[in-house]
Amino acid sequence: MGIFSSNAERKLLETHMKEAGRLPPGQVATVKWPVLHLGDVPRFDPQRWDLRTTGFVRNLLRLTWDEFRTLPRTEVTADLHCVTRWSRFDNRWEGVSFRTLCDLAQPLSSATHVLVHSEGEYTTNVPLADLREDDVLLADRHDRAPLEPDHGGPLRLVVPKLYGWKSAKWVREIEFLAGDQPGYWERNGYHIYGDPWREQRFDND
Ligand SMILES: Nc1nc2c(c(=O)[nH]1)N[C@H]1C(S)=C(S)[C@@H](COP(=O)(O)O)O[C@H]1N2
Ligand SMILES: [Mo]
């Protein structure tokens, strides 16, 4: 932090990111990492945890934690933009590329979208094509440390190009859909797609 107060440092980062074209419209930069979710942080039991693929898919997988940890790994450095207007830059994620999971599960040709189910009630929908992009992953590490439970540990989805509500924490099920279906926030007024660069915050934006 040096000679800067933390707000001066934050402001400097914000100006820099704006000039670099990395601050979407209507967003402010944050250096800290806010915790944002509904309900309680689920308890992780590695003996009972699983990740399932369901719906319009050839292979109905059920991966245990140990099995998940043997999958080929990837790392992505990406920005996180929350619809409540904070952006956190250069998050270094590690985990398994969503594409790797798709290759194992083999969605049917009729599958166009995915409904991601978290532990508890939370769901969110994303088009399958967007999930197959290079920078989408199921992350179990952040900034070289195991992902904190508050931030979605043991496993969360990361979809950098969409607002943060699409990056579901505590993921347990990947449901392949033949057609789009709104998730939790999408049923409650948030935009069906959620592109921060087009400020797709709410469903009439
Ligand atoms: N399961 C679950 N995942 C969730 C949420 C939630 O309420 N439940 N909130 C989302 C929202 S709105 C954002 S901005 C990000 C925030 O991630 P963070 O708490 O790690 O900053 O998580 C997303 N994933
Ligand atoms: Mo958010």
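We count ligands from 1, going down the list as the structure has it; atoms in each ligand are counted the same way.
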Worksheet item: With Thr123, which residues qualify under side-chain contact (heavy atoms from CB on, under 4.5 Å), at least two apart?
Response: Leu115, His117, Tyr184, Arg187
Discussion item. Under a plain distance cut-off of 3.5 Å, with no hydrogens placed, do Glu94 and Thr74 share a side-chain donor-acceptor pair?
Written reply: no
Worksheet, complete the sentence: Thr15 meets the side chain to side chain donor-acceptor pair (under 3.5 Å) criterion, sequence neighbours left out, with none
Item to complete: Anything with a heavy atom under 4.0 Å from ligand 1 counts, so go ahead and list those protein residues by chain and number.
Response: Trp33, Pro34, Val35, Leu36, His37, Leu38, Cys82, Trp86, Ser118, Tyr122, His151, Arg156, Gly164, Trp165, Ser167, Ala168, Lys169, Trp170
Item to complete: Please write out which residues are connected to Phe89 in a hydrophobic cluster, directly or through intermediates, given that two of Ile, Leu, Val, Met, Phe, Trp, Tyr count as joined at side-chain heavy-atom separations below 4.5 angstrom.
Response: Leu13, Met17, Leu23, Val31
Worksheet item: Which heavy atom in Pro154 sits nearest to a heavy atom in Trp49, and how many Å separate them?
Response: CG-NE1, 3.6 Å
Practice prompt. Indicate yes or no: at least one non-hydrogen side-chain atom of Arg10 is less than 4.5 angstrom from one of Val28.
Written response: yes
